[in-house]
S.K.: 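Let me give you the structure first, and then I'll get to my questions.
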Amino acid sequence: MNTITLHPTKTPLTGTLQVPGDKSISHRAIIFSALSEQKIRIQNLLEGEDVLCTIDCFRKMGVCIEKQGDEWRVQGVGLRGLKQPSEILYCGNSGTTTRLLMGILAAQNFESKLSGDASLNKRPMKRVMEPLSQMGAQFSVEGEGTAHRIITVKGGHLKGIDYTSPVASAQVKTALLLAGLWAEGETSVTEPSLSRDHTERILRAVMCVEADSLKVSIQAVQKITLPELWKIPGDFSSAAFFIVAASIVPGSEILIPDVNLNPTRSAAAGVLKKMGAKISFEKESLLAGEEMGDIRVSFAPLHATPIQGEIIPWLIDEIPILCIAASQAEGETIISDAAELRVKESDRIEVMCNLLSQLGVSVEEIKDGLKIKGKALLKGARVQSFLDHRIAMSMAIAAWVADGPMTIEGVESVLTSFPGFWEIVRYFSSKPNNYSTKAY
């Protein structure tokens with residue numbers, strides 16, 4: 001297991017940093033390009049392990065995907081051109097890859113198998129399999145509940161359904177909408193609250209989709225036509241780590257250009273503003289149906305604010321780093337309605353509670369969240385990431401305001417979503433010897 005040791009920063013964080021392409025849109029850019037009948041050029045694709053798994057799976061189904069210079073090029077095979085894979089489709093640690101592929105594979109006239117790493121293989125997939133089964137797909141599972149689970153998907157003729165999802169999940173919603181591209185009749189998904197809406201935005205741009213605030217409906221199509229160039233904005237979830245860092249390290253001011261500002265992705269900025277953070281959006285524009293712009297953030301004293309309710313699905317990736325912000329805020333921050341955190345790459349509620357306690361924070365675990373008492377002087381410690389990329393990066397930001405060195409185990413997980421993260425950390429560290437690595 002790889003480790004990194006970081007020291008408290010002695011200088012403000014200042015300057016400009018670029019974050020990689022949006023992870024959610026990168027997955028979808030590969031998927032929709034592969035299902036088109038065109039040659040699509042993609043710029044600023046996130047080259048993290050999760051997206052590379054999606055690329056590998058489509059290559060195994062006969063799609064030509066190559067990198068040329070700074071661009072990725074996908075020669076689409078159309079909605080009826082995928083080929084039966086000759087081996088298991090390995091999804092690594094990517095729940096997005098697995099669940100979205102299920103929606104596509106449910107409609108193919110062949111059988112395929114999906115698996116992933118030990119963490120992914122223990123994450124819940126019935127939330128996708130059950131509605132897809134109602135549409136006509138067939139699933140079987142070997143090794144359920146183990147690190148060696150294999151899911152077999154037998155696709156076929158699908159019929160649209162009107163599905164009410166018990167959870168607000170962009171992955172569930174997208175899996176069903178993708179299946180609906182082939183299904184007879186109309187496919188509709190209604191959520192208890194709105195999840196992130198990248199898929200709907202893409203579908204609206206290329207075909208007719210009906211949507212109100214919580215329900216989206218789609219009819220089958222014969223083909224998908226896309227713009228030949230797909231530019232992907234920067235990932236707000238990646239930017240969030242440095243937004244919090246600049247907010248809690250005194251004297252800091254940073255600029256993060258060209259970031260996705262879709263309200264269902266950038267909601268953490270609103271939460272931080274309620275906490276007193278000094279954050280502004282600049283040079284706002286539209287790119288491929290998504291709001292984007294520059295983010296400027298500077299240090300400001302923070303105070304506690306409740307984090308709960310319908311906004312939680314828009315924050316689910318940012319809650320670990322918001323816990324670090326809460327540890328430095330005046331008062332008690334209560335995070336609730338976030339039970340979904342228990343079935344991510346780790347049980348993020350339990351893990352963050354334990355880690356914050358190790359760092360000297362007064363924290364209480366509740367069924368669906370945490371209670372965090374702020375203004376804590378964080379202690380340097382040796383901590384586990386539990387091979388969860390967002391936990392590892394949150395601990396790295398905590399290290400900058402700790403009272404001593406922080407050693408983080410399992411930092412290789414960061415490659416899942418943010419290649420280059422440690423180089424940015426090194427750039428912002430006050431001295432070269434504030435950054436040391438082992439086997440990384």
S.K.: Quick one, Phe241 and Val19 - any side-chain contact, counting heavy atoms below 4.5 Å?
M.R.: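 No - every pair of side-chain heavy atoms lies 4.5 Å or more apart.
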
S.K.: Before accepting this row, confirm whether a basic side-chain N of the pair Glu47/Lys67 lies closer than 4.0 Å to the acidic partner's carboxylate O.
M.R.: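 A salt bridge links Glu47 with Lys67.
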
S.K.: Nearest heavy-atom pair of Ile366 and Leu370: which atoms, and what distance?
M.R.: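 Heavy atoms only, the tightest pair is CG1-N, 3.6 Å.
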
S.K.: Should Ser119 and Asp117 be marked as a side chain to side chain donor-acceptor pair (under 3.5 Å) after you check the CA-CA gap, both sets of side-chain angles, and the distance that decides it?
M.R.: CA-CA 6 Å; Ser119 172; Asp117 67 11; 4.6 Å; no

S.K.: Flag the pair Asp317 and Lys23 as a salt bridge only when some basic side-chain nitrogen lies within less than 4.0 angstrom of an acidic carboxylate oxygen.
M.R.: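 Not counted as a salt bridge, because no side-chain N and carboxylate O are separated by less than 4.0 Å.
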
S.K.: Mind checking side chain to side chain donor-acceptor pair (under 3.5 Å) for Asp368 and listing every partner two or more places apart, or none if nothing turns up?
M.R.: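 Result, side chain to side chain donor-acceptor pair (under 3.5 Å) vs Asp368: none returned.
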
S.K.: Is there a side-chain contact between Glu191 and Val172 (heavy atoms, below 4.5 Å)?
M.R.: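 Glu191 vs Val172: side chains apart.
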
S.K.: Excluding sequence neighbours, so at least two apart, what forms salt bridge (charged side-chain N to carboxylate O under 4.0 Å, His left out) with Glu284?
M.R.: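 Salt bridge (charged side-chain N to carboxylate O under 4.0 Å, His left out) list for Glu284, sorted by chain: empty.
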
S.K.: To the nearest 0.5 Å, what is the distance between CE on Met292 and CG on Leu287?
M.R.: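 Met292 atom CE to Leu287 atom CG measures 5.5 Å (nearest 0.5 Å).
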
S.K.: Between Arg196 and Glu290, is there a salt bridge with N-O shorter than 4.0 Å?
M.R.: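 Not counted as a salt bridge, because no side-chain N and carboxylate O are separated by less than 4.0 Å.
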
S.K.: Would a distance-only check, ignoring hydrogens and angles, find a side-chain to backbone donor-acceptor pair under 3.5 Å from Ser266 to Ala269?
M.R.: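 No; judged by distance alone, with no hydrogens or angles, the pair does not exist.
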
S.K.: What pairs with Ser362 under side chain to side chain contact (heavy atoms under 4.5 Å, CB included), at least two apart in sequence or on another chain?
M.R.: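 Listed in chain order: Lys373.
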
S.K.: If you round to the nearest 0.5 Å, how far is NZ of Lys273 from OG of Ser247?
M.R.: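 Result: 11.0 Å between the selected atoms.
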
S.K.: By salt bridge (charged side-chain N to carboxylate O under 4.0 Å, His left out), which residues pair with Arg342, not counting sequence neighbours?
M.R.: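 If we apply the salt bridge (charged side-chain N to carboxylate O under 4.0 Å, His left out) test to Arg342, skipping adjacent residues, the hits are Asp347, Glu365.
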
S.K.: Charged N to carboxylate O below 4.0 Å: is that the case for Lys278 and Glu253?
M.R.: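 A salt bridge is absent here (no side-chain N lies under 4.0 Å from a carboxylate O).
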
S.K.: Below 3.5 Å, can you tabulate the donor-acceptor pairs from side chains in residues 320-335 to any protein atom, sequence neighbours excluded?
M.R.:
residue : atom : partner : partner atom : Å
Ser327  : OG   : Ile324  : O            : 2.6
Gln328  : NE2  : Ala376  : O            : 3.1

S.K.: Enumerate, atom names and distances included, each donor-acceptor pair closer than 3.5 Å involving a side-chain atom of residues 307-316, sequence neighbours excluded.
M.R.:
residue : atom : partner : partner atom : Å
Gln308  : OE1  : Ser336  : OG           : 3.3
Trp314  : NE1  : Leu194  : O            : 2.6

S.K.: Taking all atoms of both residues into account, what is the closest heavy-atom pair of Ser346 and Asp388, and its distance?
M.R.: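 Looking at all heavy atoms of both residues, the closest pair is OG-OD2, 2.8 Å.
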
S.K.: I need the Ile218 CD1 to Leu203 CG distance, nearest 0.5 Å.
M.R.: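 One finds 4.5 Å between CD1 of Ile218 and CG of Leu203.
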
S.K.: Go through the structure and list residues passing side chain to side chain contact (heavy atoms under 4.5 Å, CB included) with Ile42, not counting sequence neighbours.
M.R.: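 Once residues adjacent in sequence are excluded, the partners of Ile42 under the side chain to side chain contact (heavy atoms under 4.5 Å, CB included) criterion are Ala29, Ile30, Ser33, Ile40, Leu45, Trp72, Val74, Trp230, Ile232.
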
S.K.: Are any non-hydrogen side-chain atoms of Asp294 and Arg296 less than 4.5 angstrom apart?
M.R.: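 Result no, sub-4.5 Å side-chain heavy-atom pair not found.
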
S.K.: Test your reading of the model: is there a side-chain donor-acceptor pair from Ser26 to the backbone of Leu46, 3.5 Å cut-off?
M.R.: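 It does hold such a pair.
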
S.K.: Can you name the salt bridge (charged side-chain N to carboxylate O under 4.0 Å, His left out) partners of Glu364, sequence neighbours left out?
M.R.: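 Counting only residues at least two positions away or on another chain, Glu364 forms no salt bridge (charged side-chain N to carboxylate O under 4.0 Å, His left out).
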
S.K.: What is the minimum heavy-atom distance between Ile349 and Ala339, and which atoms define it?
M.R.: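 Residues Ile349 and Ala339, closest heavy atoms: CD1-CA, 4.3 Å.
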
S.K.: With Arg80, which residues qualify under side chain to side chain contact (heavy atoms under 4.5 Å, CB included), at least two apart?
M.R.: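 Partners of Arg80 under the side chain to side chain contact (heavy atoms under 4.5 Å, CB included) test: Trp182, Gln222.
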
S.K.: If you measure from the Lys or Arg side-chain nitrogens to the Asp or Glu carboxylate oxygens, is any gap between Arg127 and Glu340 under 4.0 Å?
M.R.: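 Between Glu340 and Arg127 there is a salt bridge, with a charged N closer than 4.0 Å to a carboxylate O.
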
S.K.: So Phe242 and Phe428, would you call those rings parallel, tilted or perpendicular, with 30° and 60° as cut-offs?
M.R.: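 Aromatic pair Phe242/Phe428 classed tilted.
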
S.K.: So, taking the atom named CZ in Arg99 and the one named OG1 in Thr96, what distance separates them when rounded to the nearest 0.5 Å?
M.R.: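 Rounded to the nearest 0.5 Å, the CZ-OG1 separation comes to 8.0 Å.
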
S.K.: In terms of heavy-atom contacts, does NZ of Lys60 have more than 12 from other residues, nucleotides or ligands at under 6.0 Å?
M.R.: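 Check passes, neighbour count above 12.
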
S.K.: Quick check: closest heavy atoms across Ala398 and Leu359, and the distance to 0.1 Å?
M.R.: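 Nearest heavy atoms, Ala398 then Leu359: CB-CD1, 4.2 Å.
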
S.K.: Please round to the nearest 0.5 Å and tell me the distance separating atom CD of Glu409 and atom CG of Leu387.
M.R.: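 Rounded to the nearest 0.5 Å, the CD-CG separation comes to 10.0 Å.
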
S.K.: Walk me through it: do Thr54 and Thr97 pass the test side chain to side chain donor-acceptor pair (under 3.5 Å)?
M.R.: CA-CA 6 Å; Thr54 295; Thr97 302; 2.6 Å; yes

S.K.: Side chain of Asp235, backbone of Ser238: donor and acceptor closer than 3.5 Å?
M.R.: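 Yes.
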
S.K.: What's the shortest heavy-atom distance between Pro257 and Thr16, and which atoms?
M.R.: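 So the two residues come closest at CD-CG2, 3.8 Å.
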
S.K.: Sub-3.5 Å donor-acceptor pair from the side chain of Ser115 to the main-chain atoms of Ile150, do we have one?
M.R.: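 A pair under 3.5 Å: no.
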
S.K.: Check whether any side-chain heavy atom of Ile295 sits under 4.5 Å from a side-chain heavy atom of Phe281, and report yes or no.
M.R.: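 Of all side-chain heavy-atom pairs linking Phe281 with Ile295, at least one is under 4.5 Å.
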
S.K.: Would you compute the distance between atom CZ of Phe386 and atom CE of Met352 and round it to the nearest 0.5 angstrom?
M.R.: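 Going from the CZ atom of Phe386 to the CE atom of Met352 covers 11.0 Å.
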
S.K.: Would you check if the side chain of Ser188 reaches a backbone N or O of Ser217 as a donor-acceptor pair within less than 3.5 Å?
M.R.: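 It does not hold such a pair.
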
S.K.: Would you call Lys126-Glu144 a salt bridge at under 4.0 Å N-O?
M.R.: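 Here Lys126 does not pair with Glu144 in a salt bridge, since their nearest N and O are not under 4.0 Å apart.
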
S.K.: According to side chain to side chain contact (heavy atoms under 4.5 Å, CB included), who are the partners of Lys122, at least two apart in sequence or on a separate chain?
M.R.: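 If we apply the side chain to side chain contact (heavy atoms under 4.5 Å, CB included) test to Lys122, skipping adjacent residues, the hits are Ala147.
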
S.K.: Would you kindly say whether Ser195 and Lys173 are connected by a side-chain donor-acceptor distance under 3.5 Å?
M.R.: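 The criterion, which ignores hydrogens and geometry beyond distance, is satisfied for Lys173 and Ser195.
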
S.K.: Can you run down the salt bridge (Lys or Arg N to Asp or Glu O under 4.0 Å) pairs that involve residues 254-264, sequence neighbours left out, and say none if there aren't any?
M.R.: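 Counting only pairs at least two positions apart or across chains, no salt bridge (Lys or Arg N to Asp or Glu O under 4.0 Å) contact touches residues 254-264.
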
S.K.: Donor-acceptor pair, Arg348 side chain versus Leu341 backbone, under 3.5 Å?
M.R.: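 No.
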
S.K.: Shortest non-hydrogen contact from Glu345 to Asn93?
M.R.: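 Closest pair (atom of Glu345, atom of Asn93, distance): CG-OD1, 3.1 Å.
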
S.K.: Are more than 12 heavy atoms, taken from residues, nucleotides or ligands other than Glu228, located less than 6.0 Å from that residue's CD atom?
M.R.: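 No, not enclosed.
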
S.K.: Measure from the side-chain N and O atoms of Thr416 to the backbone N and O of Ser413, and report whether any donor-acceptor pair falls under 3.5 Å.
M.R.: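 Yes, the answer is positive, given that a donor and an acceptor are paired below the 3.5 Å cut-off.
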
S.K.: So does Arg123 get a backbone contact from the side chain of Arg149, meaning a donor-acceptor N/O pair under 3.5 Å?
M.R.: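 A pair under 3.5 Å: yes.
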
S.K.: So, using ring-ring contact (aromatic ring centres under 6.0 Å, His included) as the criterion, who are the partners of Phe418 when residues are at least two apart?
M.R.: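 Testing Phe418 for ring-ring contact (aromatic ring centres under 6.0 Å, His included), a comparison that skips the adjacent residues, returns Phe421.
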
